[in-house]
Peer 1: 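Supplied in structure tokens, the structure appears directly below.
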Amino acid sequence: MAIDILMSNEKVSPARAVAAASAISCAKLSKSFGGLHALRDVTFQIAPGEILGILGPNGAGKTTFINVLSGMLHADSGTVHIYDDDVSAMSMAHRARYGLFRTFQNSRSSEELTGYELLRLASLTPNKTKSSKTYTPDELLEIFGLKRFAGIILSDLPYGIQKMMNLAAVALCRPKVLLLDEPFQGVAEAEIERLSKVIRHFASEGVAVGLVEHNVRSVMRLCNRVIVLDAGAMIFEGRGEDAVRDPVVQTAYLGQRFAGELNG
Amino acid sequence: MVERFGYVGWVLLLGGLVGIYLLNDGYYTTVALLMMLWAILAIGLNFILGYAGYFHLGLGAFYGLGAYGAAALGTKYQMPMIVALIVMPIAGAILSAIIGPLLLRTRDLYFAVATLALGMIISDVTNNWVSVTGGPIGIGGIQRPGVIGFGAFSIDGRTLPGMFIIVSTIFVALMIAAAIARKSNFVLILRGIKSDDLMTRSFGFPTTVYKVAAFAIAGAISALGGVLYAHIVQYISPEPFTFFAASFQAFVVLAVGGLGSLWGPVLGSVLLTGLPEFLDLDPHMKLIIYGAVLLIVTLVLPKGLASAAQVISRRRKTAMKEGTE
Ligand SMILES: Nc1ncnc2c1ncn2[C@@H]1O[C@H](COP(=O)(O)OP(=O)(O)OP(=O)(O)O)[C@@H](O)[C@H]1O
Ligand SMILES: [Mg+2]
């Protein structure tokens with residue numbers, strides 16, 4: 001079902017996608033740290049129900065991209081829209097009210113909350129968008145297979161389980177747009193399979209997903225369309241299979257895991 | 001941990017208060033009043049430090065604000081105590097809401113130092129703004145409330161037992177409010193902030209607003225404590241509101257009792273206010289005892305006295321497991 005949705009979005013041109021209510025779009029988004037251009041004039045969009053892969057070598061600006069899209073960092077220039085709303089000037093907390101949520105690359109262990117408390121906190125989100133389905137913390141623990149970890153303090157949990165808890169937490173926020181920064185990093189292979197299913201499930205309910213991931217195989221399986229960032233600029237947009245063969249992308253990845261994994 | 005202590009705590013608290021009232025001994029009543037005062041400050045501190053995780057070391061400023069405000073309202077304007085009880089916590093909350101956004105922009109050590117400085121400024125003001133605060137000499141002649149109620153149900157606020165009933169009533173009400181708050185979504189959000197501010201923001205919570213609210217609650221409750229102090233002692237001077245006399249002690253009471261727990265403030269206060277009083281220690285000795293107790297509790301029970309039941313039951317469980325295996 002999710003795949004159908006992806007297929008139907010695949011050939012939509014950027015301009016038309018924006019017109020046809022993309023869930024999230026940005027135009028000419030730039031961010032620099034001092035002299036370093038971490039993001040240069042990036043324009044993109046994700047359609048409702050689409051899972052977009054965001055690739056790029058280390059330091060390409062993927063995390064910065066998510067930080068700027070989510071409002072954690074303010075862009076130097078450019079605009080961000082969630083559906084028809086211009087959220088460019090809004091803080092991260094404010095954007096969440098429009099249904100935009102994200103996870104963090106480095107899982108943040110907490111000595112304060114149990115898994116269940118984290119989910120309860122997330123379920124209190126002031127997100128004011130209407131979502132087709134609202135889950136309870138218990139339902140999501142079931143879906144993610146995390147029930148037996150619910151009562152444990154987060155920092156006592158294995159790293160991979162913590163990341164799954166964080167993903168379950170944002171899933172509870174009734175997202176319309178979900179930006180995931182390396183959700184599979186540190187997660188066991190068997191669990192990656194389950195997380196992939198969960199991500200597909202949310203996409204099938206119309207959530208637009210932006211997936212930053214170094215695990216190229218997972219990206220290929222989940223995403224029909226990918227963008228590739230390098231040195232802050234978008235160097236490729238299109239099908240995952242084509243990205244692998246693209247000479248510009250190959251040059252950007254020279255010597256890195258991506259090329260090796262894909263050619264082999 | 002609180003669930004386990006549960007109603008036993010409430011029975012002990014109410015039983016203790018009734019017992020002390022019936023005992024009708026001036027000394028014990030005074031010590032119990034002091035215990036409640038420290039517990040009140042610790043309850044206030046719990047919101048900003050225990051739940052939100054911000055080291056507020058300037059509680060004495062708000063405690064002093066409440067006390068000096070009460071003294072001014074009582075002696076200069078002849079207002080009854082109830083006015084101060086309403087006005088000063090609001091003043092504490094407003095002051096916090098004004099300076100909170102500035103202070104809470106800083107984190108960790110910076111916030112601690114900033115609040116410490118705030119406490120010092122207030123100490124300096126109480127010492128030097130002689131026309132208002134009476135300087136080092138202070139303000140005396142603060143009137144307690146008169147007779148409240150009718151006939152057999154009346155209490156005489158001018159007497160120590162009367163004052164004890166008033167303070168106990170306020171204290172129990174505050175404890176009930178604290179118990180409800182502890183289970184609230186608001187406190188869960190504060191704990192989310194303590195755990196990870198950025199993540200809590202990513203869930204959509206404007207964390208600064210919540211932090212300022214916690215800071216304001218701490219300020220209001222401390223000011224309430226100050227109002228009660230002024231009417232119990234009926235004389236105020238700068239000394240009791242200085243860093244070591246107020247802010248630091250409130251911190252030790254809470255840390256020893258248990259950060260983020262409901263009964264921690266009470267347990268910490270009973271131990272740290274009761275013990276030095278009954279042992280009749282001089283102030284310097286008291287500080288040394290406080291330091292030692294804080295050190296021991298931090299090492300043995302990092303989550304404070306309130307977690308003792310939990311720790312003991314866990315030890316027993318593991319001991320039993322080892323026994324059967
Ligand atoms: N807050 C910051 N201040 C200064 N420089 C930063 C900051 N955040 C990122 N950078 C720099 O911006 C560039 C892009 O970093 P970013 O973390 O976005 O890369 P990434 O694609 O997520 O890399 P990785 O795959 O290693 O996670 C890097 O050179 C990084 O050092
Ligand atoms: Mg990154």
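Side chains are part of it too, since the values below use all heavy atoms of this structure and drop only hydrogens, waters and symmetry mates. In the text below, chain A, chain B and the rest are named by the order of the sequence lines, each starting its count at 1.
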Peer 1: Can you list the residues that meet the ring-ring contact (aromatic ring centres under 6.0 Å, His included) rule with Tyr290(B), with sequence neighbours excluded?
Peer 2: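 Expected list: none.
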
Peer 1: For residues Asp76(A) and Ser32(A), is any side-chain donor paired with an opposing acceptor at under 3.5 Å?
Peer 2: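 Yes, because at least one side-chain N or O of Asp76(A) sits under 3.5 Å from a partner of the opposite role on Ser32(A).
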
Peer 1: To the nearest 0.5 Å, how far apart are CG in Leu154(A) and CD in Glu112(A)?
Peer 2: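 One gets 10.5 Å once the value is rounded to the nearest 0.5 Å.
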
Peer 1: Between Ser70(A) and chain B, which part of the residue has a heavy atom less than 4.5 Å away: side chain, backbone, both or neither?
Peer 2: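 Neither; nothing under 4.5 Å.
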
Peer 1: With respect to chain B, which residue among Arg95(A), His94(A), Glu117(A) yields the maximal number of heavy-atom pairs within a distance under 4.5 Å?
Peer 2: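 The option with the most such pairs is Glu117(A).
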
Peer 1: Compile the donor-acceptor pairs under 3.5 Å between side chains in residues 35-44 of chain B and protein atoms, sequence neighbours left out, one pair per line.
Peer 2:
none

Peer 1: Under 4.5 Å, heavy atom to heavy atom, which residues of residues 204-211 of chain B contact chain A?
Peer 2: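 Answer by number: Gly204(B), Phe205(B), Pro206(B).
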
Peer 1: For residues 66-89 of chain A, which residue pairs qualify under ring-ring contact (aromatic ring centres under 6.0 Å, His included), counting only residues two or more places apart or in two chains?
Peer 2: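 Listed once each, the pairs would be none.
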
Peer 1: Taking side chain as everything from C-beta outward and backbone as N, CA, C, O, which of these in Arg120(A) sits under 4.5 Å from a heavy atom of chain B? Side chain, backbone, both or neither.
Peer 2: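 Both parts, heavy atoms under 4.5 Å.
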
Peer 1: Could you tell me if the ring centre of Phe62(B) sits under 6.0 Å from that of His56(B)?
Peer 2: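 Yes: the rings meet the under 6.0 Å criterion.
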
Peer 1: Between Phe65(A) and Phe44(A), is the ring centroid distance below 6.0 Å?
Peer 2: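 Yes: the rings meet the under 6.0 Å criterion.
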
